[in-house]
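Chain letters run A, B, ... following the sequence lines, proteins first and then strands; every chain starts at 1.
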Amino acid sequence: MKVGVVVFPGSNCDRDMYHVLTDVFNLDAQYFWHEKSLPKNIDAVILPGGFSYGDRLRAGVIAAHSPIIKDVQKLADKGIPILGVCNGFQILVESGLLPGVLLKNESLNFMCEWTDLIVENNQTPFTNQFKLNEKIPIPIANGEGRYYVDDDVLKQLKKKNQIVFRYSKIVNGSSNRIAGVCNESGNVVGMMPHPERAVESEINPIDSKPSSKIFESLLVKMGVNN
Amino acid sequence: MSLESRELSELKSKIGRDPTSTELQIVAAEWSEHCSYKSSKKHLKMLPMTGPLVINEKGYDSGVLDVGGGYVVTAHIESHNHPSAVEPYGGAATGVGGVVRDILSAGTRPIAIFDGLRFGNIEKDKQARWLFKNAVTGVADYGNCLGIPTIGGEVEFDECYQNYALVDVACVGFGKKENLIKNHAKKGDVVVLLGGSTGRDGIGGSQFASDSLESEDRSAVQIPDPFIEKLIIDAILEARNEKLIHALKDLGGGGLSCAISETADALDIGIEMDVDKVHTRESDMRPDEIMVSESQERMLIITNKTKLKKLQDICKKFRIGCSVIGSVKFDNKVHVKKGKKTFANLSADIVANATLLDLPSKKPEYLKTITQEKKFKPITDYSKTMMKFLASPNIASKIWVYSQYDHEVGIRTVIKPGGDASVLRLDNGKYLSVKIDGNPKQCYINPREGAIGCFEEACRNVVCTGAKPIGMLDHLQFGSPKDPEIFWTFLESLKGLTDFAKDFKIPCIGGKVSLYNETPAGPIKPTPLIGILGLIDKKPLVHQKITKGDYLVMIGNTKDELGGSEYFEYIHKFIGGTCPTVDFSESKKNMKSVLEIIKQELPKSVHDCSKGGLAVAVSELCMIDQIGCKVSLDTVPGAKLPVDRILFSESHSRYLVTIEKKNIKKLENILKKNKVSFKTVGIFGGEKIQFSNGAKSIIDLRVDKAQKTWLNSLRDLVLHG
Amino acid sequence: MATFSVHVTIENKPGISDPEGETILNDLVLKGTHKIVSKIKTAKMLKFTIEEKDKKTAKIKVQEICDELRIYNPMVSKVTIDVFDA
Amino acid sequence: MATFSVHVTIENKPGISDPEGETILNDLVLKGTHKIVSKIKTAKMLKFTIEEKDKKTAKIKVQEICDELRIYNPMVSKVTIDVFDA
Ligand SMILES: Nc1ncnc2c1ncn2[C@@H]1O[C@H](COP(=O)(O)OP(=O)(O)O)[C@@H](O)[C@H]1O
Ligand SMILES: [Mg+2]
């Protein structure tokens, strides 16, 4: 089972994600530089966090034009699980794989803090091990993390069950307190918080089990018995 | 940028001719205080720099410690005071960039950043607020983009920094010992400049750092580019893994001039370079401008011709500039050409080694009377005073600052900012605990004891996490060394640090000197800053939530030492009194005992007692865990003192231990065996922070109210004045 | 061919909040001064230096670039394009 | 009194680098097919809506506000202020 971790110039959570996939969940992970292509038989793709192209112009917009995004798109169409975390989410949104846009936080500051997520959709490849409304303590770290959609799109998202995670309280002013969404078929998921920072009890002061289920869900989806 | 006339004649006599204008610029940059340490170097030698864990290699800009299992930790500290005082955003950001490159040049990956920030009175002074806000954003934007967590630091406000800023940045690196760059050069090696392009920005920067602000050259503004820096880090580490680097040096103060001459001098080689080969931002730059430009985000690499191709491929991948600017010679000369024409040709050894000065010193007049205390207005309502104190900028929580810093990236941060020291996990199964500390209020009153106090405080902080101090970084920041009174305070601080370091066997692994820190109102207070690295072999003490019925045990004596305390200065507006003094044997005993009880896993947490004294330290414990505490002042260890002194004295070597009742006997046995002065002074529970003296209630505060004030007041001050 | 300076101003569409502008305005209001300012909006500008045969073509070209490369996000932003002689 | 729209454009002084503009040019625009663009500079704009008696006073007032709130650092940035009828 191979999971691809896509690396853009300025990605900085790629190594953290790789560590979690390989050392914590025993998956076979591989880095893919943004100018390379993705193999057709890959089992899942993760776009990690960071500051691709220094967040210039808008977070994620330049990376969204990378050659590898065309492959990501193709894999997405085939139903392969794809996860974008933080900057990875911003890139998925900017490349049109996910709806909405991520704006500057209402505080206008970069925010690094722990918060609680609520699981709203437990049908995706990254949430199938959760109960609905389950709580996940998890850190956020972003400057442009305010998810925005207009009311019409929000209605659509709700109707099509595309809201995956919401914050339990107001964090950055995002529409409907949305923290993560998926595409219509549910295989492409984007989220602002960092699950890779929360799955090891040594660095998670609260509870590392809920975040772990994000990766365990992927294992189940791919039929891996760990 | 210019040499003093004495230095000019010295240069002429050393080279036996008139220098060219490019040579003059190169030498002026390298002989500046910032690059040459001409006023301080003679004296810095007194610090102990060796130890069983210290690895010394030539040409390193950072200290290296062997932490076992084939791994090393590197560390360095720098400041960017002058640039930050005029352009806080760019100054602070490029300060981070500079020290990160120092860590990188040893061949280690930067894994943590620390920032020490000092400004004027933000309650009264709009300028100070502006400086503070923008410096924080500068550190945040740069460190966050690099993906290096900023996990600790300090913030302090004092009138002495009016219209000025001290921005200190320390960086810690980690790597395999076998990957350390062993700086060397072979015949036929080439010299490569890698990274951002060279422009006119920052010309005269190091000179600028050595002048007082009044005579500053305002053209020295540096624009940060953290994105390029991030790519440089990735490219260098990849090149390191491929063993493509013979020697590596970052470009900082003095630009190419310093990098070339110091590398040539350290490796005992000559370097011949062509300014036309340097990738520049503007087409019409003169050779001397190229040589002294302090454009950020550049590294110098020496490699050979076969490895060069691979290095160029890596740079291409990461889309960063990479120019072969020269070659290694064996004539020990710094030879700067433009095409065929020579613009400078000097012995590296002359350029890199300015004549060291031995400046006169004299005990300052003000110190004669500073210990005298005046009569204070008695405090009628301590609860009210305490609320005011918790809201004061120096005491209030710094969460507004560190929540803007990504302190989790890299997934090493076991103990996060907000407590005492922060702790990182290392790949060898051990943990690294780090803290930086300064205390200009106490250093002003007693430069020697104040400096020792900073040292002990930083040690105390890492000890609270269960770490044994293994290395120290010092950053000595003072006014003009040409003033003998200021120079005296510099020497006193240095002597104090030396004594403590020797006695405690904590080697100095690096440091920095920043002089000429003068504001329009005069010199800053002496501001030595100490960084301590501590190592934990097994397991750090991670704060466990305090619950009802837990005991509060205080270790160490409280003494009548309120000189330079926040209480005197903020509540009574008084500068003076007796500065806290570290009793070396008591300090050692207490450190050892705290480490022992942590090893036995007895405490739920250990907290350092310092700024704001016992009253603030206890309140912090309560506010963080949202639980009340009843403290009896009459049980506090130490001689009998008036209540305000017990509450607010900032005596050193004191720790607050939180412990479950069931473990208290074991704790007492260890502390008694070690002959430590201690007492159970309080018990947790309820919703109030209460201090009493005998039957008399002194302070009675609701935790939730105190917490709200303490958490929010700094943000409110910054945002709304 | 001539060189033109084309200014692209990117700002939020009406109805999309602009916390930065609001914060600056609130700062003013809180301070009690400058009551005469009723609104502050922030925008981002990109100044392109471009070779084209005339102003009109330059403008069209830059508009194309902006649309194609998503220089602005049409969901939340709008652009104004002005052309000047360089 | 009349209502004016005052545009404050803040950009790095000439000679001071603009990393954002460079990245947009090199990594976005020039990677496409748009080689006719030779430079991109970024700027920030604030649009004030203000009541004043005339354009000149409006401009002076806005300049004052920008200085007082330290909206830009004159060491790094230059500003241009344009006044329009609202
Ligand atoms: N106060 C000090 N104490 C000990 N070492 C110092 C001190 N100041 C500077 N040094 C050491 O001198 C060397 C040169 O320092 P520095 O000028 O900061 O290097 P760089 O070339 O990176 O600017 C470093 O090894 C540094 O650790
Ligand atoms: Mg350096």
Side-chain angles (χ1 to χ4, degrees), chain A residues 7-20 23-24 31 33-36 48-57 59 62-63 85-87 105 107-115 138-144 171 193-206 208, chain B residues 109 111 133 136-137 139-151 224-231 233-235 237 316-320 399-419 423-425 427 431 539-540 542-545 715 718-719:
Chain A
V7 186
F8 301 92
S11 293
N12 66 30
C13 303
D14 44 333
R15 299 172 66 250
D16 301 356
M17 186 60 83
Y18 184 89
H19 160 77
V20 163
D23 298 337
V24 181
Y31 292 118
W33 185 241
H34 71 120
E35 288 169 324
K36 295 267 152 49
F51 284 73
S52 58
Y53 296 96
D55 268 6
R56 279 160 194 172
L57 188 55
I62 300 182
V85 170
C86 200
N87 190 235
N105 293 335
S107 68
L108 302 177
N109 286 336
F110 189 93
M111 296 168 78
C112 180
E113 60 187 49
W114 283 69
T115 179
I138 200 166
I140 54 162
N142 61 64
E144 297 177 31
V171 168
H194 286 272
E196 80 280 10
R197 299 182 182 185
V199 297
E200 292 169 281
S201 57
E202 194 165 47
I203 51 169
N204 180 335
I206 307 160
S208 58
Chain B
R109 176 186 289 279
I111 59 164
K133 187 174 172 206
V136 169
T137 314
V139 172
D141 282 359
Y142 208 95
N144 294 347
C145 184
L146 295 186
I148 305 171
T150 303
I151 61 168
D225 189 344
F227 176 47
I228 290 273
E229 178 112 341
K230 162 71 177 152
L231 298 174
I233 295 173
D234 291 341
L237 292 177
K316 198 165 158 217
K317 169 180 168 189
F318 288 105
R319 51 160 314 291
I320 50 178
I399 191 167
W400 180 80
V401 177
Y402 62 72
S403 65
Q404 295 185 52
Y405 300 155
D406 188 344
H407 48 258
E408 313 251 10
V409 62
I411 49 174
R412 292 186 183 276
T413 321
V414 174
I415 298 186
K416 309 178 199 288
V423 174
L424 297 167
R425 55 176 178 175
D427 302 7
Y431 299 82
K539 189 161 124 186
V542 180
H543 178 99
Q544 299 159 50
K545 201 168 168 68
R715 186 196 64 201
V718 178
L719 297 186

Minimum side-chain heavy-atom gap A/Ile203-B/Arg412 below 4.5 Å | no
Side-chain heavy atoms of A/Asp55 within contact of B/Cys145, under 4.5 Å |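 A side-chain contact is absent here, since even the closest heavy-atom pair is not under 4.5 Å.
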Check: A/Phe51 ring centroid to B/Phe227 ring centroid under 6.0 Å | no
Most contact-rich option vs chain B, by heavy-atom pairs under 4.5 angstrom, among A/His19, A/Arg56, A/Glu196, A/Glu35, is A/Arg56
Counting heavy atoms not belonging to B/Lys317, are there more than 12 under 6.0 Å from its NZ?
->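 Buried by this count: over 12 neighbours within 6.0 Å.
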Counting only heavy atoms closer than 4.5 Å, note whether [X] contacts chain A via side chain, backbone, both or neither.
X: B/Thr413; value: backbone
X: B/Lys416; value: side chain
X: B/Tyr142; value: neither
X: B/Ile415; value: neither
X: B/Ile411; value: both

Take A/Glu200 and B/Arg425, measure what side-chain contact (heavy atoms from CB on, under 4.5 Å) needs, and give me the verdict at the end.
-> CA-CA 12 Å; A/Glu200 292 169 281; B/Arg425 55 176 178 175; 2.9 Å; yes
Pairwise distance CH2(A/Trp114) to OG(B/Ser403) - rounded to 0.5 angstrom =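 Result: 15.5 Å between the selected atoms.
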Nearest 0.5 Å, what's the CD1-CD distance between A/Ile138 and B/Glu408?
->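 Atom-to-atom, A/Ile138:CD1 and B/Glu408:CD are 10.5 Å apart.
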Decide, yes or no, whether a salt bridge links B/Asp234 with A/Arg15 under the criterion of side-chain N to carboxylate O below 4.0 Å.
->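 Answer for the salt bridge query: no.
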State plainly whether the residues B/Lys539 and A/Glu202 are in salt-bridge range, i.e. N to O under 4.0 Å.
->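 No, no charged N to carboxylate O under 4.0 Å.
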Measure distances from A/Pro9 to the heavy atoms of chain B and classify the residue's part below 4.5 Å as side chain, backbone, both or neither.
->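 Both backbone and side chain of A/Pro9 come within 4.5 Å of chain B.
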Pick one of side chain, backbone, both or neither for A/Ser107, based on which atoms fall under 4.5 Å of a heavy atom in chain B.
-> neither
When heavy-atom pairs shorter than 4.5 Å are enumerated against chain A, which of [options] gives the highest number?
options: B/Asn144, B/Leu231, B/Val414; result: B/Asn144
options: B/Thr137, B/Asp225, B/Leu146; result: B/Asp225
options: B/Arg319, B/His543, B/Lys230; result: B/Lys230

Could you list the residues that satisfy side chain to side chain donor-acceptor pair (under 3.5 Å) with A/Asp14, not counting sequence neighbours?
-> none
Give the intermediate values and the outcome of side-chain contact (heavy atoms from CB on, under 4.5 Å) for residues B/Asp406 and A/Arg197.
-> CA-CA 12 Å; B/Asp406 188 344; A/Arg197 299 182 182 185; 2.9 Å; yes
Could you list the residues that satisfy salt bridge (Lys or Arg N to Asp or Glu O under 4.0 Å) with B/Asp141, not counting sequence neighbours?
->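 Partners of B/Asp141 by the salt bridge (Lys or Arg N to Asp or Glu O under 4.0 Å) criterion come out as none, since no residue qualifies.
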